[in-house]
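This report refers to the structure that appears directly beneath it.
Here the structure is a predicted model, which means the values were calculated and not measured. Below, read A as the first sequence line, B as the second, and so on, with proteins coming before strands; counting in each chain starts at 1.
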Number of protein chains: 2
Amino acid sequence: MTSRRYEQRLRAQSAEQTRRRILDAMYDQLPKIPSVDAVARQAGVARSTVYLVFGSRAGLFDALLRDVSERGGFADLVRAVRDPDPLTHLRGAILANTRIYGRQRDVLVALRAEAAALEGALERTEQGRLGGLEHLASRLAEHDLLAVPKDVAVDVLWMLTGFEAFEALRTGRGLSVDAAAARLLATAERTLLRVPSPEGARNEQSSRDVSA
Amino acid sequence: MTSRRYEQRLRAQSAEQTRRRILDAMYDQLPKIPSVDAVARQAGVARSTVYLVFGSRAGLFDALLRDVSERGGFADLVRAVRDPDPLTHLRGAILANTRIYGRQRDVLVALRAEAAALEGALERTEQGRLGGLEHLASRLAEHDLLAVPKDVAVDVLWMLTGFEAFEALRTGRGLSVDAAAARLLATAERTLLRVPSPEGARNEQSSRDVSA
DNA sequence: CCCATTGAAAGACAAGCTGTCTCGCGAAAT
DNA sequence: ATTTCGCGAGACAGCTTGTCTTTCAATGGG
């Protein structure tokens with residue numbers, strides 16, 4: 001009875017399909033937070049199947065979080081980080097980051113509401129952001145562009161690149177995605193960078209006209 | 001049968017007591033978000049009594065929110081707002097605001113987690129903050145202290161004085177309440193105020209040493 | 001002192017949710 | 001042909017919110 005090994009490609013493939021169907025069903029119901037039952041019904045799948053595939057309600061949201069991370073829109077962010085000029089890095093990263101938030105907003109709001117059930121998963125994701133910010137702060141420091149200590153720069157960047165800051169401007173103040181990006185960028189530049197040199201003046205200008 | 005008017009002071013008084021017992025029972029269980037049943041048991045009260053007094057789970061959290069607002073710690077904030085010097089107003093308001101968040105943190109985290117059920121109640125509370133910020137921005141503008149348009153200043157202040165910004169620094173970056181206040185203040189001053197004049201330099205200094 | 005009034009307990013009930021488990025079909029792999 | 005295994009179907013336990021009815025006991029007007 002416990003003998004034959006199987007390697008069922010087709011079966012695994014269709015399993016992947018049901019997995020996708022379930023996740024897509026979740027996206028469909030956002031930003032309202034659906035019950036496991038509602039997701040299963042929308043996906044045309046038995047509720048027990050959802051538990052079979054994702055383990056629990058929390059597992060379902062965890063998978064959604066990973067899915068969002070993989071789906072990218074991160075290309076722009078990566079490009080900005082790779083730029084040789086640290087100022088372009090700063091500007092491009094904040095802009096790309098904010099636009100990602102703008103696009104994924106429904107998912108992120110739902111995930112935040114479910115934050116209690118997710119615990120570690122969210123932290124793990126945020127860890128990547130922290131690493132990126134430390135890198136950015138180091139680069140700015142190396143080029144002697146910082147007007148504040150490096151760790152303060154990391155703190156401020158952390159606050160400004162979080163989803164909550166974006167959401168406060170977007171929903172709380174009714175700004176567009178690009179207007180929110182402009183406020184965040186202006187705040188970062190004026191707070192972190194040395195002097196309102198010709199460089200600084202230009203930045204301020206460029207962020208102002210987007211927001212106009 | 002429908003005749004006599006009653007004016008039962010003692011009864012009304014004991015009703016107020018049960019009301020308080022229930023709210024206190026909630027405070028006891030924070031920051032974990034308790035079920036109505038758990039609150040009732042902790043308060044030594046029937047679950048149906050909670051519904052009798054507060055109407056619903058949402059009503060319970062709504063009452064908690066009002067209770068927090070009334071409990072104050074707002075004296076410092078009011079004093080800062082009344083100061084004739086708009087710069088003192090700015091600094092005092094951010095500091096007092098942040099300290100209030102620090103003190104009420106457990107409640108605010110719980111309320112945020114329950115935000116979906118509260119809807120309007122939170123907005124109403126935030127409305128007051130917005131009004132205060134507009135006033136502050138106007139004062140700064142009148143004294144010609146702003147380096148950015150007034151509406152931009154309101155947006156930035158809104159973002160920096162929200163609970164989320166505080167929480168990002170406090171929990172996300174592990175800062176103390178005063179260190180968080182220093183970051184917020186430095187960000188606000190450098191972003192909003194004209195030139196790093198002698199005035200500006202002094203501010204930067206004072207906020208730096210708190211954070212050290 | 002009597003008893004209408006009313007705050008509050010007790011608890012039944014409906015409905016929705018998560019999570020677990022069992023049973024059985026039918027398609028895929030060997 | 002026979003073994004696996006993905007998945008649907010559904011029962012079950014337990015927790016939750018919310019509603020409603022019944023009962024108890026104190027309060028206070030007359």
(Q) My understanding is that only residues two or more places apart in sequence, or in another chain, count here; which of them pass side chain to side chain donor-acceptor pair (under 3.5 Å) with A:T49? (A)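 So A:T49 forms no side chain to side chain donor-acceptor pair (under 3.5 Å) with any residue.
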Q: Decide yes or no on side-chain contact (heavy atoms from CB on, under 4.5 Å) for B:R105 and B:E167, but give the supporting numbers first.
A: CA-CA 9 Å; B:R105 187 151 158 265; B:E167 186 63 7; 3.0 Å; yes
Q. Does the side chain of A:D106 come within less than 4.5 Å of A:Y27's, by heavy atoms?
A. no
Q) Contact class for B:G59 vs. all strands (heavy atom < 4.0 Å): base, sugar-phosphate, or nothing? A) nothing
Q.
Categorize B:V53 for me: base, sugar-phosphate, or nothing, with a 4.0 angstrom heavy-atom threshold over every strand shown.
A. nothing
For the pair made of [atom1] in [X] and [atom2] in [N], what is the distance, rounded to whole Å?
X: B:F61; N: D:dG18; atom1: CZ; atom2: P; answer: 11 Å
X: B:Y51; N: D:dC20; atom1: OH; atom2: C1'; answer: 13 Å
X: B:E114; N: D:dT16; atom1: CD; atom2: P; answer: 13 Å
X: A:L52; N: C:dT20; atom1: CG; atom2: P; answer: 12 Å
X: A:L60; N: C:dC17; atom1: CG; atom2: C1'; answer: 14 Å
X: B:F54; N: D:dG18; atom1: CZ; atom2: C1'; answer: 16 Å

For the [atom1] atom of [X] and the [atom2] atom of [Y], what is their distance to the nearest 0.5 Å?
X: B:L108; Y: B:L65; atom1: CG; atom2: CG; value: 8.5 Å
X: A:L169; Y: A:R183; atom1: CG; atom2: CZ; value: 7.5 Å
X: A:L160; Y: A:L185; atom1: CG; atom2: CG; value: 10.0 Å

Any side-chain to backbone donor/acceptor pair from [X] onto [Y]? Under 3.5 Å, distance only.
X: B:E114; Y: B:F61; value: no
X: B:R19; Y: B:F54; value: no
X: A:N97; Y: A:T161; value: yes

**Q.** Inter- and intrachain pairs under ring pair (Phe, Tyr, Trp, His ring centres under 6.0 Å), touching residues 85-114 of chain A, at least two apart
**A.** A:H89-A:H135, A:Y101-A:F163, A:Y101-A:F166
Q.
Please pick, from D:dG18, C:dA8, C:dG19, the nucleotide with the shortest atom-to-atom distance to any side-chain atom of B:R57.
A. D:dG18
Q) Considering only side-chain heavy atoms of A:S14, which listed nucleotide, D:dG18, D:dC7, C:dA8, is closest? A) D:dC7
Q: With pairs defined as Watson-Crick or G-U wobble and both distances under 3.5 angstrom, please note down DNA chain D as a dot-bracket string, | for pairing with another strand.
A: ||||||||||||||||||||||||||||||
Q. Going by heavy atoms closer than 4.0 Å, what residues in residues 17-31 of chain A are next to DNA chain C?
A. none
Would you be so kind as to tabulate the donor-acceptor pairs closer than 3.5 Å made by side chains of residues 73-82 of chain A, with sequence neighbours excluded?
unit_1	atom_1	unit_2	atom_2	d
A:D76	OD1	A:R79	NH2	3.1

Q) What is the per-nucleotide protein-contact pattern of nucleotides 11-16 of chain C, from the 5' end, where B denotes a base atom under 4.0 Å from a protein heavy atom, S denotes such proximity for sugar-phosphate atoms only, and - denotes neither? A) B-----
